Amino acid sequence: MRRFLGVTLVSAMAMLLSPTHSVAQPARQGSAVERFSDRLQTALNSGSASSLDTLASVDLQPVLAQRLARFQQDFPEVTWQVKPAAPTPDGRPTLSLRVRGVAESEGLTYALEASEEIAIRLDNGQLVEQELLTQQSLLRSGERPLAVKVAIPDVVLTGSRYDVDLIVEEPLGQALVAGGLINLTDDQLLAQVRPNLPLAPQGGGGLFKSVQAPQQPGSQSWAVMLVHPDGVVTATKRVRVVSSN
């Protein structure tokens with residue numbers, strides 16, 4: 001069993017997540033969203049949690065500062081990119097966030113790639129409401145990080161079965177690999193804990209699992225780990241669960 005560093009990433013990357021729901025904004029806020037995305041990118045790359053104070057409402061400031069500080073403890077050397085993305089079908093503006101860098105854990109150096117998309121609402125240039133739409137992260141250790149593909153859908157229907165796959169894109173020959181999968185709860189994400197992930201022998205092609213979506217709309221967050229001869233690969237993915245109606 002191994003401690004799963006990626007849960008810190010998935011919860012910290014979701015630092016703009018709250019239980020509130022955004023409402024549609026008029027098209028005239030397009031330029032405001034562009035200005036906000038530039039300011040947010042600058043603040044995140046500054047490395048100072050206090051730099052977010054002018055970007056969020058008073059209610060959100062403590063949460064953002066705490067989660068960013070926790071993220072920086074594990075991932076101090078990263079570069080953020082923030083850009084406006086396509087509006088949601090109901091007209092809400094969105095932002096695309098990407099982060100790359102390195103992290104240290106249990107004596108290993110990890111290459112980090114992560115992304116998320118959020119729907120937002122601004123008031124006088126400050127973030128007041130938002131909703132996490134998609135999130136995915138990938139951490140790879142070793143001098144030559146293993147080429148892998150995370151094949152997990154962004155959206156699934158309630159009650160459906162779907163595949164959670166971490167696919168090795170290079171032949172491993174006779175090498176043995178071990179892998180594991182867990183469903184991260186909202187409590188684990190909010191607490192930014194590192195749960196133990198049980199590992200079992202896997203085929204050389206990666207880890208392949210079929211899972212069940214809940215019967216009610218919402219989301220599921222998955223954590224995947226693959227241990228191979230040259231290092232470790234960990235990934236997280238948030239899946240939206242929607243009704244078929």
Side-chain angles (χ1 to χ4, degrees), residues 1-2 4-24 85-97 113-121 129-139 148-169 177-203 205-226 233-245:
M1 300 176 74
R2 284 176 173 258
F4 191 75
L5 175 63
V7 69
T8 302
L9 177 60
V10 70
S11 52
M13 274 294 292
M15 66 180 184
L16 301 181
L17 175 65
S18 79
T20 58
H21 296 283
S22 302
V23 295
T88 62
D90 59 5
R92 290 175 293 169
T94 66
L95 294 178
S96 172
L97 290 82
E113 302 174 33
S115 64
E116 74 175 15
E117 188 170 308
I118 58 172
I120 64 171
R121 185 169 74 85
E129 293 180 2
Q130 57 351 105
E131 179 186 358
L132 184 64
L133 302 177
T134 64
Q135 184 282 331
Q136 179 172 304
S137 72
L138 183 64
L139 292 166
V148 296
K149 176 182 178 182
V150 181
I152 308 173
D154 293 327
V155 183
V156 298
L157 294 177
T158 53
S160 65
R161 294 200 66 84
Y162 62 97
D163 294 331
V164 173
D165 301 333
L166 184 60
I167 304 168
V168 177
E169 295 188 313
V177 297
L181 168 74
I182 57 173
N183 184 198
L184 299 172
T185 67
D186 289 341
D187 289 342
Q188 287 174 319
L189 295 176
L190 289 174
Q192 294 179 281
V193 299
R194 294 186 185 179
N196 283 316
L197 195 154
L199 301 177
Q202 305 292 322
L207 184 144
F208 305 89
K209 298 289 184 180
S210 178
V211 298
Q212 180 84 45
Q215 297 297 326
Q216 299 297 322
S219 65
Q220 287 182 303
S221 294
W222 296 103
V224 187
M225 178 179 286
L226 194 67
V233 177
T234 66
T236 63
K237 180 67 176 281
R238 187 179 182 90
V239 179
R240 280 199 300 146
V241 181
V242 299
S243 173
S244 57
N245 295 330

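Start at 1 with the first residue, then count along the sequence. Keep in mind it's a predicted model, so treat the numbers as computed, not measured.
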Original post:
More than 12 heavy atoms of other residues, nucleotides or ligands under 6.0 Å from CD of Gln216: is that the case?
Top reply: no

Any side-chain heavy atom of [X] within less than 4.5 Å of one from [Y]?
X      : Y      : result
Ile167 : Phe208 : yes
Asp163 : Ser210 : yes
Leu207 : Asp165 : no
Leu199 : Met225 : yes
Glu169 : Val148 : no
Pro214 : Gln220 : yes
Thr236 : Val224 : no

Any chance you could measure [X], atom [atom1], to [Y], atom [atom2], to the nearest 0.5 Å?
X      : Y      : atom1 : atom2 : result
Lys149 : Leu138 : NZ    : CG    : 13.0 Å
Leu132 : Leu97  : CG    : CG    : 9.5 Å
Glu116 : Gln135 : CD    : CD    : 6.5 Å
Ile118 : Leu133 : CD1   : CG    : 8.0 Å

Subject >> With Asp154, the side-chain hydrogen bond (donor to acceptor under 3.5 Å, both in side chains) member among Arg240, Lys237, Gln136 >> reply: Lys237

Over all atoms of both residues, closest heavy-atom pair of [X] and [Y]:
X      : Y      : value
Gln202 : Ala178 : CG-C, 4.0 Å
Ile182 : Pro198 : CG2-CD, 4.0 Å
Gln215 : Gly159 : NE2-CA, 3.5 Å

**OP:** Show the numbers, then the answer: is there a side chain to side chain contact (heavy atoms under 4.5 Å, CB included) between Val242 and Val156?
**Re:** CA-CA 6 Å; Val242 299; Val156 298; over 6 Å; no

Original post:
Is the backbone of Ala86 close enough, under 3.5 Å, to the side chain of Thr94 for a donor and an acceptor to pair up by distance?
Top reply: yes

**OP:** Using side chain to side chain contact (heavy atoms under 4.5 Å, CB included) as the criterion, point out the one residue from Leu184, Val150, Val239, Leu166 that pairs with Trp222.
**Re:** Val239

Original post:
Side chains of Thr158 and Ser243: do they bring a donor and an acceptor to under 3.5 Å?
Top reply: no

Subject >> Short N-O contact, Arg92 and Glu131, less than 4.0 angstrom >> reply: yes

**OP:** Could you walk me through whether Leu139 and Val233 pass the side chain to side chain contact (heavy atoms under 4.5 Å, CB included) test, one step at a time?
**Re:** CA-CA 6 Å; Leu139 292 166; Val233 177; over 6 Å; no

